[in-house]
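As structure tokens, the structure follows; a few thoughts come after it.
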Amino acid sequence: MKHVLVLGAGQLARMMALAGAPLNIKISAFDVNSGNIVHPLTQQVLGNGLTTAIEHADVITAEFEHIPLDVLDVCEKSGKFFPTTQAIKAGGDRRIEKSLLDSAQVKNAKYAVINNRDDFDAAIEYVGLPMVLKTALGGYDGKGQWRLKSAEHVDAVWCELAQALQDNPNQSIVAEEFVPFQREVSLVGARNASGDIAIYPLAENVHTDGVLTLSTAIDEPALQQQAATMFEAVANSLQYVGVLALEFFDVNGELLVNEIAPRVHNSGHWTQQGAETCQFENHLRAVCGMPLGSTQAIRATSMVNILGEDQVSDSVYALTGCHVHWYGKEKRRGRKMGHINVCAHDKAALKESLLELSELLDAQAFPALKPAALAL
Ligand code: ATP
Ligand code: MG
């Protein structure tokens, strides 16, 4: 029996617990906000304090990247923490992320770092308009972002950027060129301490208002090869241990990395039903020093996020190939409450199933589903 402590007590820790049980890997979750050690499935409080939590763990890992630095420090010093502090920081700070991508020679959008108005003016000159502005720290699900389309809006946008900079002395803004991509794809893979790497098929992702709504595993060898090369460059340069995700923009078949996530990723949830070994199990295998499991796709699969809803009709549960995963969370508008994996024997059948599912779900709650299914 191995005991893994996960920093963060959300759905990712929950799904790690579900995947770890058959391997006799026991998970506890550390809620960094309350300092409580909680059961990842029931949220029952099991204890309090990081020192106690670390003492009882064989291995420590994280389900998110916005972890207070003092917490990270203590975990790193215990010698039990995987991936590394550097990897977590690269996921949580766009300045570090961008320099990591540059040093690994991985293509990403042209960018500039902004700390004051002079930097902003220089960034407009260097990056050009339209541009996307993102807070270096604390962004997720499209939050902490601005679009600057034309010169007339420069002053208005600056007011908001200045506020964000003022709110947190460690904050910067990263300005990126607006990338005219055809679609977004992501790659999830695992690396263990021996340096073995196992990569899943790419997923094509649809975002609605900055939030992932649908992911579909795709089989495109040329694109897969490109993405895998970048994955290996990033994972090896970080001496990464665990599951890592890379998000890409696909611009006419050429991939640019948008961002990295040093953890299991929403666009990898399809692997629970669609791959030989799911991403949660492979993360645990990697951080526990075990051989990685096969990442082979076993059938055509899509993942549909459930946002702000806490139930679906019985007909959804009755649909063949449909697997509903709830996170046990309190209902809140726009909140990620669960997801549905939809599986079929091939792409055409998957399209049929997704269309059928879209008829059973409220179109207002799942606006991306039908158009995306039709486009498959
Ligand atoms: P998440 O954590 O959900 O992945 P995030 O808040 O970290 O999101 P990004 O992934 O950087 O933010 O951006 C959110 C979305 O905004 C992207 O998926 C993409 O659709 C769009 N976007 C981001 N950067 C650019 C860019 N440079 N050009 C065009 N669109 C962009
Ligand atoms: Mg993103």
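This structure is a prediction, so every number in the text was calculated from the model and none was measured. Counting starts at 1 for both ligands and their atoms, following the listed order.
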Would you check whether V179 has a nitrogen or oxygen atom less than 3.5 angstrom from a nitrogen or oxygen atom of ligand 1? yes
Determine, using the 4.5 Å side-chain heavy-atom cutoff (strictly less than), whether F64 and I88 are members of one ILVMFWY cluster. yes
Step through the shown structure and confirm whether more than 12 heavy atoms of other residues, nucleotides or ligands are within 6.0 Å of CG on D209. no
Counting only heavy atoms on the protein side, is anything nearer than 4.0 Å to atom 29 (C) of ligand 1? yes
Which heavy atom in L212 sits nearest to a heavy atom in S267, and how many Å separate them? CD2-N, 3.8 Å
Can you list the atoms of ligand 1 that are under 4.0 Å from a heavy atom of F181? 20 (O), 29 (C), 30 (N)
Tell me which protein heavy atom sits closest to atom 14 (C) of ligand 1, plus the residue, atom name and distance to 0.1 Å. Q145 NE2, 3.7 Å
Atom 10 (O) of ligand 1: closest protein heavy atom, distance to 0.1 Å, is E259 OE2, 2.8 Å
Mind checking whether R94 contacts ligand 1 via backbone (N, CA, C, O), side chain (CB onward), both or neither, at a 4.0 Å heavy-atom cut-off? side chain
Around the Mg ion (ligand 2), how many protein N/O/S atoms fall inside 2.8 Å? 2
Which residue and non-hydrogen atom of the protein lie closest to atom 17 (C) of ligand 1, and at what distance in Å? E184 OE1, 3.2 Å
Among all protein heavy atoms, pick the one closest to atom 2 (O) of ligand 1 and tell me residue, atom and distance. D141 N, 3.3 Å
Anything under 3.5 Å between a donor and an acceptor, one on a side chain of residues 223-231, the other on a protein residue two or more places apart or in another chain? List them.
{"unit_1": "Q224", "atom_1": "OE1", "unit_2": "L202", "atom_2": "N", "d": "2.9"}
{"unit_1": "Q224", "atom_1": "NE2", "unit_2": "Y200", "atom_2": "O", "d": "3.0"}
{"unit_1": "Q225", "atom_1": "NE2", "unit_2": "T229", "atom_2": "OG1", "d": "3.4"}
{"unit_1": "Q226", "atom_1": "OE1", "unit_2": "L255", "atom_2": "N", "d": "2.7"}
{"unit_1": "Q226", "atom_1": "NE2", "unit_2": "G253", "atom_2": "O", "d": "2.9"}
{"unit_1": "T229", "atom_1": "OG1", "unit_2": "Q225", "atom_2": "O", "d": "2.9"}

Hey, is M131 one of the residues with a heavy atom under 4.0 angstrom from ligand 1? no
Partner set under ring-ring contact (aromatic ring centres under 6.0 Å, His included) for H339, not counting sequence neighbours: H269, H325, Y327
Which atoms form the tightest heavy-atom contact between F82 and V59, and what is the distance? CD1-CG1, 4.1 Å
Using a strict 4.0 Å cut-off to heavy atoms of E177, name the atoms of ligand 1 that fall inside it. 26 (C), 27 (N), 28 (N)
re atom 6 (O) of ligand 1, the protein heavy-atom contact at minimum distance is G142 N, 2.6 Å
For the student: nearest non-hydrogen atoms of V174 and A136, plus distance: CG2-CB, 4.4 Å
Which atom names give the shortest non-hydrogen contact between L165 and I114, and what distance separates them? CD2-O, 4.0 Å
Salt-bridged, E176 to R94, with N to O below 4.0 Å? no
N-O pairing of K2 and D58 below 4.0 Å: no
Closer than 4.0 Å to some heavy atom of E247 - which atoms of ligand 1 meet that? 4 (O), 10 (O)
Between V132 and ligand 1, is there a nitrogen or oxygen pair with a distance under 3.5 Å? no
For ligand 1, which part of N258 has a heavy atom less than 4.0 Å away: the side chain, the backbone, both, or neither? side chain
Could you go through the side chain to side chain contact (heavy atoms under 4.5 Å, CB included) check for I25 and M290 one step at a time? CA-CA 12 Å; I25 297 173; M290 296 166 65; 4.2 Å; yes
Closest to atom 25 (C) of ligand 1 among protein heavy atoms sits F249 CZ, 3.4 Å
Examine ligand 1 and decide if any of its atoms is less than 4.0 Å from a heavy atom belonging to R147. yes
My understanding is that a hydrophobic cluster links ILVMFWY residues whose side chain heavy atoms are under 4.5 Å apart, including indirect links. Using that, what else belongs to the cluster containing I96? none
Flag if over 12 foreign heavy atoms under 6.0 Å of NZ, K80: yes
Hey, looking at atom 23 (C) of ligand 1, which of E176, H265, K134 has the closest heavy atom? K134
Can you tell whether the side chains of D102 and K98 come within less than 4.0 Å, N to carboxylate O? no
